[in-house]
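Working notes, structure below.
Just the heavy atoms: all of them, side chains too, but no hydrogens, waters or symmetry mates, feed the values below.
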Amino acid sequence: MEGLDVLQKSTNGCSITAGSFRTFAISTKKNGHVTQCLAVADLVGVKIEAVLQIRGLNKALPEWQRELEKLYWIFPAIKMAWTFRKGEYLILASGRSVLPACRLIKFLRGNEVFILFIGSPKKWTTNCADLMLRPQHERELGVDEEKRYPWRPKQVWVNSPICNPLPVSKEEGCEVVILLGGLNITYGDEITDYSDFLNRLDTISAQHSLSIIFSRRTKKSVQNAIKKRFAPTNVKLIEATDRQGFLNACESAGAFIVTPDSITMVVEACATGKPVYIPDLPVRRVETRNHRFIEMTIAKKYAKHFDGNINFARSDIERKDIENARQVMTGYITSWSKEYVNQS
C-alpha cells in the first residue's frame, strides 16, 4: 500500500459469515468520512482491516483550482486498484476523492469486489458502487433519485448519516459542550455572524459550566475573538489539537451545542442521546445539502434550535430507518458473498 495514507483500524466482530472475503474502507482524508465508514462497518457487523485515505479538495480554493486538484486523485486510484487486484473484497467507500478508485476497481474486478458507497456522488455516470447508503437530505428537488445513476445501483436511504456517537459518559452530565465548526459554503463563519450566539452563551455561562471546543476549520480570527471574550471567565477553551481536553469535555457533557456547518459533528452529538442544540447562524446559501440536513434534523426532533435555554433531559428517539438500512445492507452483502465469493 505504498503511497497511500493507511489508517489501521479494527471494528467489532462479523455478523456476515457467508463466504470468505476481506473488508477495507477507502475514504477521503477527513474525519467525517472515516467515522462514517467505521460506523457502517459496526452496524453491518464486518471487520475493517485498514482505512485507505486520499486527500480531499480544499473548498476555499477557486473552482478552477479545485478542478485542477482532482488530477491528483488519478495516481492514488491506480495504486488502490493494484492493492485490490486479487481476491474478494467488501469495500466501504466515502468521499468524492475515492470515486476514481471505485470506478477503476469495479471496471477491473467486476463482481469480485462489492463496493458500498456512503453518500451521493455528484455528476458521476459510470459504475463506481454496487450499493449506496444515502441520507435523505441528499435528495434534490426535481430529480428522480432512482434514475440518477445510469448503471442503476441499489440504494438504501436513512434520515441522517450513520456515525458512532461522541465518547460521552452514560451518567447524567452537568456541562454544556459547544462544538464549533468553521469554514463552509452554507452558513456564516465570521465573528460577526456569531454575535447573537455568543450573547446567548454569555447568559447561560452564568448558569452552567461551559466548554468550547474549536475545530481545525474554525477561523483564527473567530478563535482569537472568542478566547479574548471568554478568557476572563470560567468557560473552558479547548484547542482542536487537544485530544484529551476533548475527551474530558465529552465525558462531562450533559448537553451539546453544535454549529450547523458540520454535518458530522451534529450527527455524532445526536447519536449520544444527550440533548443537542443548534444555534441560528446567517444562511449564505439555501438548498445545499448542509442546509437541508439541518432543516430535517430540527424537523425530526433529533436536535433543537438554541434559543438561550438548556434542558438536560434526555429524549430517546427511535431510529427505525437505521435498523431497516442494516437489514437491507446485510442482505445485499450476504447475497453477493454467496453468489460470487463462494465460487472462488
- Message: For Arg103, I'd like to know if atom CZ has over 12 heavy atoms of other residues, nucleotides or ligands within 6.0 Å.
- Response: no
- Message: Looking at Glu140 and Arg148, is any side-chain nitrogen of the basic one under 4.0 Å from a carboxylate oxygen of the acidic one?
- Response: yes
- Gap separating the CG atom of Leu90 from the CD1 atom of Ile115, nearest 0.5 angstrom: 9.5 Å
- Query: Under 3.5 Å, is there a donor-acceptor pair between the Thr288 and Thr186 side chains?
  - Reply: yes
- Task: Check the surroundings of atom CH2 in Trp157: do more than 12 heavy atoms from other residues, nucleotides or ligands lie under 6.0 Å from it?
- Result: yes
- Query: Can Arg139 and Glu145 be said to form a salt bridge (Lys or Arg N to Asp or Glu O under 4.0 Å), step by step?
  - Reply: CA-CA 7 Å; Arg139 289 186 182 273; Glu145 295 293 351; 5.7 Å; no
- Message: I want to check a possible cation-pi pair here: Arg55 against Trp73, using under 6.0 Å from ring centre and within 45° of the ring axis as the test.
- Response: no
- Are Phe246 and Leu38 joined in one hydrophobic group, where the rule is that I, L, V, M, F, W and Y side chains link up if heavy atoms are under 4.5 Å apart? no
- Query: Is Lys274 positioned over the aromatic face of Phe312, cation under 6.0 angstrom from the ring centre and no more than 45 degrees off axis?
  - Reply: no
- Item | salt bridge (Lys or Arg N to Asp or Glu O under 4.0 Å) between Lys154 and Glu146, intermediate numbers included | CA-CA 9 Å; Lys154 304 172 185 70; Glu146 299 306 315; over 6 Å; no
- Output yes when a side-chain donor or acceptor of Glu175 lies under 3.5 Å from a complementary backbone atom of Ser252, and no otherwise. no
- Qualifying residue for salt bridge (charged side-chain N to carboxylate O under 4.0 Å, His left out) with Arg22, from Glu49, Glu112, Glu88: Glu49
- Message: Using salt bridge (Lys or Arg N to Asp or Glu O under 4.0 Å), reason through Lys320 and Glu323 one step at a time and then give a plain yes or no.
- Response: CA-CA 5 Å; Lys320 292 182 179 179; Glu323 174 56 22; over 6 Å; no
- Leu179 and Thr259: CA distance, side-chain angles, deciding distance, side chain to side chain contact (heavy atoms under 4.5 Å, CB included) verdict: CA-CA 7 Å; Leu179 303 176; Thr259 54; over 6 Å; no
- Query: Just how far is it from atom CZ of Phe107 to atom CG of Asn127, taken to the nearest 0.5 Å?
  - Reply: 11.0 Å
- About how many Å separate CD1 of Ile178 and CG of Leu198, when rounded to the nearest 0.5 Å? 10.0 Å
- Task: Show the numbers, then the answer: is there a side chain to side chain contact (heavy atoms under 4.5 Å, CB included) between Met132 and Val156?
- Result: CA-CA 6 Å; Met132 290 184 177; Val156 57; over 6 Å; no
- With respect to Ser120, which candidate in Glu138, Arg289, His137 satisfies the side-chain hydrogen bond (donor to acceptor under 3.5 Å, both in side chains) definition? Glu138
- Heavy-atom side-chain proximity of Val98 to His33 below 4.5 angstrom: no
- Task: Would you give the length of the straight line joining atom CG of Leu104 to atom SG of Cys128, rounded to the nearest 0.5 angstrom?
- Result: 12.0 Å
- Message: If I take atom CZ from residue Phe306 and atom CG from residue Asp196, how far apart are they, to the nearest 0.5 angstrom?
- Response: 11.0 Å
- May I ask whether Leu281 and Val283 are part of the same hydrophobic cluster, defined by side-chain heavy atoms of I, L, V, M, F, W, Y residues being less than 4.5 angstrom apart, directly or through others? yes
- Query: Take atom NZ in Lys300; do more than 12 heavy atoms of anything else shown fall under 6.0 Å from it?
  - Reply: no
- Is there a side chain to side chain contact (heavy atoms under 4.5 Å, CB included) between Phe21 and Trp336 once you walk through the steps? CA-CA 11 Å; Phe21 57 85; Trp336 161 76; 3.8 Å; yes
- Message: I want to check something: taking the side chain as every heavy atom from C-beta on, are Val235 and Leu201 in contact at a cut-off of under 4.5 Å?
- Response: no
- From Arg284, Lys219, Arg285, Arg217, residue fulfilling salt bridge (charged side-chain N to carboxylate O under 4.0 Å, His left out) relative to Asp261: Arg217
- Note on the structure: Only residue of Thr297, Val258, Ile257, Val267 satisfying side-chain contact (heavy atoms from CB on, under 4.5 Å) with Val276 is Val258
- Task: Please check if atom CG in Asn234 has more than 12 non-hydrogen atoms from other residues, nucleotides or ligands closer than 6.0 Å.
- Result: no
- Task: Establish, for the pair Arg200 and Tyr277, whether the NZ or CZ atom is under 6.0 angstrom from the six-membered ring centre and no further than 45 degrees off its axis.
- Result: no
- Message: Taking Ile278 as the starting point, is it possible to reach Ile213 by hopping between hydrophobic residues whose side chains are less than 4.5 Å apart?
- Response: yes
- Value rounded to 0.5 Å, distance of CE in Met329 from CG in Asn324: 9.5 Å
- Query: Could you go step by step and tell me if Ile26 and Leu92 meet the side chain to side chain contact (heavy atoms under 4.5 Å, CB included) rule?
  - Reply: CA-CA 6 Å; Ile26 60 176; Leu92 308 183; over 6 Å; no
- For residues Glu190 and Ser221, determine if any side-chain heavy atom of one lies less than 4.5 Å from a side-chain heavy atom of the other. yes
- Task: Could you check if a side-chain atom of Tyr332 sits within less than 4.5 angstrom of a side-chain atom of Leu116, using non-hydrogen atoms only?
- Result: no
- Query: If two hydrophobic side chains count as joined below 4.5 Å and joins carry through other members, does Phe75 share a cluster with Trp82?
  - Reply: no
- Message: Under a 3.5 Å threshold, yes or no: a donor from one side chain and an acceptor from the other, between Ser215 and Thr218?
- Response: yes
- Message: Any donor-acceptor pair under 3.5 Å linking the side-chain atoms of Ser160 with those of Arg319?
- Response: yes
- Measure centre to centre between the rings of Phe24 and Phe84, then say whether the value is under 6.0 Å. yes
